Amino acid sequence: MTVLLAVAIALLLVVIGSELVLRGVRLQTGLTRVVLVWTAGYLVLEGSMLRYAGIGPVAVTVFWGGAFLSWFGIRSHLESSILLCMVYLLRNGPLTDSRLVTDSVAVR
Amino acid sequence: MTALDWCGIGAVALIAVVFYLVRTVVVFIAWGVTITAAVGLVTSRAIDSQRSAEWVILTLGVLACVFGLTIVRLMLLRSVSLRLLAALAGTRDDSFRHDLDGRLQDMRSLRLIRTTAAGNALTPIGHSLSGIVAALYLVFRIER
């Protein structure tokens, strides 16, 4: 249980760290910094798991790779989804089709 | 390397092959979940209590790979930006507008918006989603 908690905390810290290094820029722009954060997190986690829990590199690598892929997908989708952008724009009141399309393109 | 390691590597390799071959999202998810479940079941019998944490991490990792690749597939299929690039390459200039109109249709079929005299308005579900999106934009500092 402690091991799983440590992995969850490491994941949370890396996600927070990614947002801090992005500093509000688009994901594609700050991707190098994000990859560095995830790589650093992986090395620390892998070292800790190997040393204190006897967990080999394959399990941690598969987990970390899958976690990065999932985070990247969600983060990138959130940033680029036109549907979500349209829903967001409509929160202030109704908009016509053409206005909604124009505004969605304008904020990108 | 242990048998668990080899099973994990095999599962990820198999998922990658399925991702390449299968273009339908639902079919890919079905394959991915099946592979994950199969690997989880097979390896769980050979794991002692001391290595259970490693088994959980590996299984969750394989599942995360399936989830992440599903999102990637969805983006490849639905991304307006990517479709715009493809349309430009193929000189189909009506594609962009068509894709945006498609999103409006999606919102109607998902009951996120309804048509009013003033235009498109959010339904209660749409309002809830809009609140969540606004919060996520704020948290992730995505400017709109």
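Labels below follow one simple rule: chain letters A, B, ... track the order of the sequence lines, proteins then strands, and each chain is numbered from 1. Just so it is clear, the structure is predicted and the values come from calculations on it, not from any experiment.
Here R23(A) is the residue among R99(A), R23(A), M49(A), H77(A) with the most heavy-atom pairs under 4.5 Å with chain B. Per-residue heavy-atom pair counts under 4.5 Å with chain B were compared for T96(A), T2(A), V3(A), I55(A), and the maximum is reached by I55(A). Between chain B and the residues L95(A), V101(A), L100(A), the most heavy-atom pairs under 4.5 angstrom are made by L95(A). Note on G61(B), G119(B), A134(B): by heavy-atom pairs under 4.5 Å with chain A, the leading option is G61(B).
Note: D97(A) CG to L104(B) CG = 5.0 Å, rounded to the nearest 0.5 Å. Considering SG of C65(B) and CZ of F63(A), their distance stands at 10.0 Å, rounded to 0.5 Å. Interatomic distance, L89(A) CG to L122(B) CG, rounded to the nearest 0.5 Å: 10.0 Å.
The hydrophobic clustering, which links ILVMFWY residues whose side-chain heavy atoms are closer than 4.5 Å, places V37(A) and L43(A) together. Linking ILVMFWY residues whenever their side-chain heavy atoms come closer than 4.5 Å, directly or via other members, leaves L63(B) and V15(A) in distinct clusters. Neither L36(A) nor V14(A) shares a network with the other; the hydrophobic side chains, linked directly or stepwise wherever heavy atoms of I, L, V, M, F, W or Y lie under 4.5 Å apart, form separate groups for each. Grouping the Ile, Leu, Val, Met, Phe, Trp and Tyr side chains by contacts below 4.5 angstrom, directly or via other members, places L76(B) with L27(A). Grouping the Ile, Leu, Val, Met, Phe, Trp and Tyr side chains by contacts below 4.5 angstrom, directly or via other members, places I82(A) with L110(B).
With a 4.5 angstrom heavy-atom cutoff, L90(A) touches chain B via backbone and side-chain atoms both. In this structure, chain A has no heavy atom under 4.5 Å from any part of L4(B). Contact annotation for L58(B): both backbone and side-chain heavy atoms come within less than 4.5 Å of a heavy atom of chain A. Within the 4.5 angstrom heavy-atom criterion, only side-chain atoms of V12(B), from C-beta onward, approach chain A. Using a 4.5 Å cut-off between heavy atoms, L4(A) contacts chain B through its side chain alone, with no backbone atom that close. In this structure, chain A has heavy atoms under 4.5 Å from both the backbone and the side chain of L129(B).
What you find for A67(A) and A64(B) is that their closest heavy atoms are N-CB, 3.9 Å. Of all the heavy atoms in G73(A) and M75(B), the pair that sits closest is O-SD, 4.0 Å. Minimum heavy-atom separation, L84(A) to Y137(B): C-OH, 3.8 Å. The shortest non-hydrogen separation linking M1(B) to V58(A) is SD-CG2, 3.7 Å. Across every non-hydrogen atom of E54(B) and G56(A), the tightest pair is OE2-N, 3.6 Å. Of all heavy-atom pairs between V62(B) and V62(A), the closest is N-CG1, 3.7 Å.
Annotation for R111(B): atom CZ does not count as buried by contact number, only 12 or fewer foreign heavy atoms lying within 6.0 Å. Residue W71(A) qualifies as enclosed at atom CH2: its count of foreign heavy atoms under 6.0 Å is above 12.
Looking at heavy atoms from C-beta onward, R75(A) lies out of side-chain contact with I71(B) at the 4.5 angstrom threshold. You'll find the side chain of F67(B) reaches within 4.5 Å of the side chain of I74(A), heavy atoms only. Within the 4.5 Å cutoff, the side chain of M86(A) has no heavy atoms near those of the N120(B) side chain.
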